[in-house]
Amino acid sequence: EMNIKIIKCLEDNYSYLIIDEKNNSACVVDPSESKPIENFIKENKIELKFILNTHHHYDHTGGNKALKIKYKAKVIGFEGDKDRIPEIDICLEDKEIWKNENFEAKIIHIPGHTSGHICFYFSKDKIAFTGDTLFVGRTGRTISPNASTKDLYHSVYDKILSLHGNTLIYPGHDYGEKPTISIKENIKISPLLQAKSEKDFIERMAAYEANR
């Protein structure tokens, strides 16, 4: 059983500690900043072993360096992001399985918000860390230089939405009515997840951006 602690960072970022209760070790997903994570680790006497990055944006990697130095934790990221995330120790590719002692996650390359974005999918527990690709109630934005709405459509519709409907998504920001949601429930509440085609999705995204 995965024990996931949500740690609010910066203004509205979610960082996550996945705690392995058998040996009280943990990995952190997308550490925006190091202090709130260090405080939790200290209070709960946890050993931090790994840092998992979904993508290179600073509000998801800002804590990498300090945590890596302090805990000698290994940074794990996407092969295509190794030039953008200088701290990466272990590069993983699409469809590769990352394992530690008690957990394993499949790497799913989900470009769109950024070209090097990945999802960590823990299939046994039906849990997906979707970073800034999919939030509660909507998809991510495609406004940065290497973003693509077309890529985002295929990442969301062909990859994430094809996972089991009961899969819980843990997104990179607190943008929804609750912190986490199942895929099937998310489709029900989000017009951006109800597009009939790529063209329909691109139009819905354009309308969404225009009305922000």
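Basis for what follows: all heavy atoms, side chains included, without hydrogens, waters or symmetry-related copies. Throughout, numbering of the chain's residues begins at 1 and tracks the sequence.
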| So, Arg138 and Tyr208: side-chain donor and acceptor under 3.5 Å apart, yes or no? | yes

| field | Atom pair CG (Asp12) and OH (Tyr175), whose distance is rounded to the nearest 0.5 Å | value | 4.5 Å

| So do the side chains of Ile51 and Lys74 get within less than 4.5 Å of each other, counting heavy atoms only? | no

| Can you tell if the side chain of Ile202 reaches within under 4.5 Å of the side chain of Ser197, non-hydrogen atoms only? | no

| query | Given side chains that start at C-beta, do those of Leu67 and Leu48 come closer than 4.5 Å, heavy atoms only? | reply | yes

| said: Checking one residue: Leu10. Which other hydrophobic residues are in its cluster under the side-chain 4.5 Å linking rule? | reply: none

| Listed once per pair and sorted, the side chain to side chain donor-acceptor pair (under 3.5 Å) pairs that draw on residues 107-116, sequence neighbours left out | His57-His113, Arg84-Ser115, His113-Asp132, Ser115-Asn146

| task | Under the side-chain contact (heavy atoms from CB on, under 4.5 Å) rule, what do Asp89 and Lys68 come out as? Steps first, then yes or no, please. | result | CA-CA 10 Å; Asp89 299 296; Lys68 179 174 172 167; 2.9 Å; yes

| Side-chain touch Ile76/Ile88, heavy atoms, less than 4.5 angstrom | no

| task | Hey, could you give me the CD1/CZ distance between Ile118 and Phe120, rounded to the nearest 0.5 Å? | result | 3.5 Å

| request: I would like to know whether Leu192 and Met205 meet side-chain contact (heavy atoms from CB on, under 4.5 Å); could you show each step before the answer? | output: CA-CA 7 Å; Leu192 288 174; Met205 280 287 280; 4.0 Å; yes

| message | Less than 4.5 Å apart, side chain to side chain, heavy atoms only: is that true for Met2 and Lys124? | response | no

| request: Please answer: with hydrophobic residues joined when any side-chain heavy atoms are less than 4.5 Å apart, are Ile187 and Leu152 in the same cluster? | output: yes

| Quick check, are the ring centers of Phe201 and Tyr153 under 6.0 angstrom apart? | yes

| field | Cluster overlap Val28 with Leu52, hydrophobic side-chain contacts below 4.5 Å | value | no

| Got a second to check how far Ile19's CD1 is from Ile41's CD1, nearest 0.5 Å? | 9.0 Å

| note | dist Ile169:CD1 -> Leu134:CG (nearest 0.5 Å) comes out at 4.0 Å

| message | Once rounded to the nearest 0.5 Å, what's the spacing between atom CG of Asn39 and atom OG of Ser34? | response | 9.0 Å

| request: Can you tell me which residue pairs pass the salt bridge (charged side-chain N to carboxylate O under 4.0 Å, His left out) test with a partner in residues 47-60, sequence neighbours excluded? | output: Lys49-Glu101

| request: Have a look at Ile160 and tell me which of Leu193, Thr167, Thr133 forms a side chain to side chain contact (heavy atoms under 4.5 Å, CB included) with it. | output: Thr133

| Ile6: what forms a side chain to side chain contact (heavy atoms under 4.5 Å, CB included) with it, not counting sequence neighbours? | Tyr14, Tyr16, Pro179

| Transitive ILVMFWY cluster of Ile69, excluding itself - 4.5 Å side-chain cut-off | none

| task | Check side chain to side chain donor-acceptor pair (under 3.5 Å) between Glu21 and all other residues, then give those that pass, not counting sequence neighbours. | result | Asn3

| message | Could you tell me if the side chain of Phe103 sits less than 4.5 Å from the side chain of Asp20, heavy atoms only? | response | yes

| Below 4.5 Å, heavy atoms only, C-beta onward: do Ile90 and Val75 meet side chain to side chain? | no

| request: Please name all residues satisfying side chain to side chain donor-acceptor pair (under 3.5 Å) with Lys159, sequence neighbours left out, ordered by chain then number. | output: none

| request: Over all heavy atoms of both residues, which pair between Phe40 and Lys5 is shortest? Give the atoms and the distance, please. | output: CZ-CG, 3.4 Å

| task | List for me each residue that meets side chain to side chain donor-acceptor pair (under 3.5 Å) alongside Lys72, sequence neighbours excluded, and say none if there are none. | result | none

| message | Is the distance between the ring centroids of Phe50 and Trp98 under 6.0 Å? | response | yes

| Taking 4.0 angstrom as the limit, do Lys199 and Glu203 come out as a salt bridge? | yes

| said: Restricting to side chain to side chain contact (heavy atoms under 4.5 Å, CB included), what partner residues turn up for Lys99, sequence neighbours left out? | reply: Ile97, Glu104

| message | With clusters defined by side-chain heavy atoms of hydrophobic residues (ILVMFWY) lying less than 4.5 Å apart, directly or transitively, does Tyr71 cluster with Ile85? | response | yes

| said: List the residues meeting side chain to side chain donor-acceptor pair (under 3.5 Å) with Glu87, not counting sequence neighbours, and say none if there are none. | reply: Asn64

| Inter-residue atom distance Ile37.CD1 - Lys70.NZ, 0.5 Å rounding | 12.0 Å

| request: Please report the closest heavy-atom contact between Ile46 and Ala26, naming both atoms and the distance. | output: CG2-CB, 3.5 Å

| task | Taking all heavy atoms of Ile7 and all of Pro36, pick out the closest pair and write down the distance. | result | CG2-CB, 3.7 Å

| message | Could you report the tightest heavy-atom contact between Ser15 and Ser32, atom names first, then the distance? | response | OG-N, 3.2 Å

| query | Do Ile181 and Ile4 belong to the same hydrophobic cluster, where Ile, Leu, Val, Met, Phe, Trp and Tyr are linked whenever their side-chain heavy atoms lie under 4.5 Å apart, directly or via other members? | reply | no

| said: With heavy-atom distances below 4.5 Å as the criterion, would you say the side chains of Val29 and Tyr170 are in contact? | reply: no

| field | Heavy-atom closest contact (His60 atom, Asn53 atom, distance) | value | O-ND2, 3.5 Å

| task | Treating Ile, Leu, Val, Met, Phe, Trp and Tyr as nodes and any side-chain heavy-atom pair under 4.5 angstrom as an edge, say whether Phe135 and Tyr121 lie in one connected cluster. | result | no

| request: Output every pair passing side chain to side chain donor-acceptor pair (under 3.5 Å) with a member in residues 178-190, not counting sequence neighbours, ordered by first then second residue. | output: Asn166-Lys184, Lys178-Glu185

| field | Minimum heavy-atom distance Glu79-Glu93, with the two atoms named | value | CB-CG, 3.8 Å

| Asp200 side chain to Lys196 backbone, donor-acceptor under 3.5 Å | yes

| query | Would you say Tyr157's side chain and Ser162's backbone share a donor-acceptor pair under 3.5 angstrom? | reply | no

| Should side-chain heavy atoms under 4.5 Å link Ile, Leu, Val, Met, Phe, Trp and Tyr, which residues sit in the same cluster as Ile143? | none

| query | Aromatic rings His55 and His117: how do their planes relate, parallel, tilted or perpendicular, breaks at 30° and 60°? | reply | parallel

